[in-house]
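Here's the structure, in structure tokens; my notes come after.
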Amino acid sequence: MILSLILNGKPIKEEVSPDLLLIDFVRSHGCYSVKRGCETSNCGLCTVFMNGKPVLSCSMLAMRADGSRIDTLEGLQEEAKEFGAFIADQGAEQCGFCNPGTIMNAIALFRENPDPSDDEIKEYLAGNLCRCSGYEGQLRGIKAFLQYKKEGSK
């Protein structure tokens with residue numbers, strides 16, 4: 001099957017097997033921020049954006065992305081850079097394994113809801129596995145970033 005999509009702004013047209021998962025496709029193209037964690041679509045480590053919306057690439061066949069734009073953290077460096085510092089400042093990147101998925105879902109949150117409540121932030125964090133920090137650092141980092149953005153827009 002021929003898969004045609006745009007990965008991080010680069011058009012790709014390639015023969016793929018019908019059972020190839022999207023996670024394996026993006027990783028084969030150097031997008032190593034997309035990780036396997038649970039194999040059950042519960043950890044968020046494989047999050048990518050498909051046409052601007054977060055999807056779990058470990059549970060999606062690559063061919064379902066045919067004709068789509070796929071963005072990984074590698075393609076969102078400018079958007080992610082500023083926020084990543086807030087996560088680090090709160091000590092929420094202890095091992096760093098969960099950071100790409102957390103940052104991808106935080107970017108989705110910022111795009112969809114620029115003024116979320118604590119419960120809405122926790123809802124976005126709920127699908128992200130973190131074995132080290134207990135999520136409080138991520139929550140504090142997101143809140144600090146949102147406050148910073150509010151103060152900067154005044």
Side-chain angles (χ1 to χ4, degrees), residues 5-10 12 20-62 64-65 67-154:
L5 54 74
I6 297 172
L7 178 59
N8 295 325
K10 178 183 169 191
I12 297 174
L20 180 69
L21 292 173
L22 185 56
I23 187 172
D24 296 320
F25 179 82
V26 298
R27 287 185 61 83
S28 74
H29 287 275
C31 300
Y32 301 119
S33 69
V34 184
K35 300 174 185 169
R36 272 196 167 78
C38 67
E39 301 278 345
T40 60
S41 305
N42 287 309
C43 71
L45 297 175
C46 67
T47 301
V48 300
F49 288 169
M50 186 164 93
N51 300 323
K53 299 289 183 191
V55 298
L56 299 173
S57 64
C58 76
S59 61
M60 177 180 283
L61 292 172
R64 287 202 51 217
S68 297
R69 177 182 178 89
I70 302 296
D71 292 299
T72 68
L73 194 57
E74 287 84 357
L76 299 172
Q77 288 299 300
E78 287 301 312
E79 202 169 350
K81 184 178 178 182
E82 190 175 39
F83 170 65
F86 283 83
I87 291 289
D89 187 54
Q90 295 299 321
E93 63 166 9
Q94 292 176 21
C95 80
F97 193 69
C98 70
N99 279 2
T102 299
I103 291 172
M104 291 294 287
N105 281 293
I107 290 171
L109 169 66
F110 303 149
R111 288 178 176 182
E112 294 174 21
N113 185 354
D115 191 24
S117 67
D118 283 3
D119 286 340
E120 289 167 324
I121 295 170
K122 288 176 184 177
E123 186 177 320
Y124 272 78
L125 290 177
N128 291 283
L129 173 69
C130 177
R131 296 178 181 135
C132 301
S133 72
Y135 306 99
E136 288 303 313
Q138 287 94 336
L139 177 62
R140 287 191 310 269
I142 288 172
K143 289 171 70 170
F145 179 75
L146 291 168
Q147 185 62 39
Y148 165 78
K149 290 305 238 181
K150 277 184 190 175
E151 290 170 2
S153 65
K154 290 181 183 177

Task: Sub-4.5 Å side-chain heavy-atom contact between Asn128 and Met104 - done: no

Open item on the list: Could you tell me if the side chain of Lys53 sits less than 4.5 Å from the side chain of Glu112, heavy atoms only?
Closed with: yes

TODO: Could you tell me which non-hydrogen atom of Ser33 sits nearest to which non-hydrogen atom of Thr72, and how far apart they are?
DONE: OG-CB, 4.2 Å

Open item on the list: What I'd like to find out is whether the side chain of Ile142 reaches to under 4.5 Å of the side chain of Phe110, using heavy atoms alone.
Closed with: yes

- [ ] Could you tell me the separation between the CD atom of Gln138 and the CG atom of Asn99, rounded to the nearest 0.5 Å?
- [x] 7.5 Å

Task: CG on Leu20 to CZ on Phe25, rounded to 0.5 Å - done: 7.5 Å

Task: Parallel, tilted or perpendicular, as decided by the 30° and 60° cut-offs, for the rings of Tyr148 and Phe86 - done: tilted

Task: Residue pair Ile107 / Glu79: nearest heavy atoms and the distance that separates them - done: CG2-OE2, 3.2 Å

Task: Between CG on residue Leu5 and OG on residue Ser68, distance to nearest 0.5 Å - done: 7.0 Å

TODO: Apply the test side chain to side chain contact (heavy atoms under 4.5 Å, CB included) to residues Ile70 and Ile6: give CA-CA distance (whole Å), side-chain angles for both, the deciding distance (0.1 Å), then the verdict.
DONE: CA-CA 6 Å; Ile70 302 296; Ile6 297 172; over 6 Å; no

Open item on the list: Is there a side-chain contact between Leu61 and Leu21 in this structure, where contact means two heavy atoms from C-beta onward sitting under 4.5 Å apart?
Closed with: yes

Open item on the list: For the OG1 atom of Thr47 and the CD1 atom of Ile103, what is their distance to the nearest 0.5 Å?
Closed with: 12.0 Å

Open item on the list: Within the structure provided, determine whether Leu146 and Ile121 are in side-chain contact (heavy-atom separation under 4.5 Å).
Closed with: yes

Open item on the list: Which heavy atom of Val34 sits nearest to which heavy atom of Cys46, and what is that distance?
Closed with: CG1-O, 3.6 Å

Open item on the list: Quick one: does any side-chain atom of Asn113 pair with a main-chain N or O of Leu109 as donor and acceptor, under 3.5 Å?
Closed with: no

Open item on the list: Does Gln77, at its CD atom, have more than 12 non-hydrogen atoms belonging to other residues, nucleotides or ligands within less than 6.0 Å?
Closed with: yes

- [ ] Compare all side-chain heavy atoms of Arg69 with those of Phe49 and state whether any distance is below 4.5 angstrom.
- [x] no

Open item on the list: On a heavy-atom basis, which atom in Cys31 and which in Leu7 lie closest, and how many Å separate them?
Closed with: SG-CD2, 4.0 Å

Task: Beyond-backbone contact of Met50 with Met60, side-chain heavy atoms, under 4.5 angstrom - done: yes

Open item on the list: So for atom CZ, which belongs to Arg36, do other residues, nucleotides or ligands contribute more than 12 heavy atoms lying within a distance under 6.0 Å?
Closed with: yes

- [ ] Working to the nearest 0.5 Å, report the span between CD1 of Ile23 and OG of Ser57.
- [x] 4.5 Å

TODO: Indicate the atoms forming the closest heavy-atom contact of Glu74 with Gly30, along with that distance.
DONE: OE2-O, 4.0 Å

TODO: Give me the one residue out of Lys149, Glu151, Lys143 that meets side chain to side chain donor-acceptor pair (under 3.5 Å) with Gln147.
DONE: Glu151

Open item on the list: Within the 4.5 Å heavy-atom criterion, are Asp71 and Val48 side-chain neighbours or not?
Closed with: no

Open item on the list: Minimum heavy-atom separation for Arg27 and Lys35, please, with both atom names.
Closed with: NH1-CA, 4.3 Å

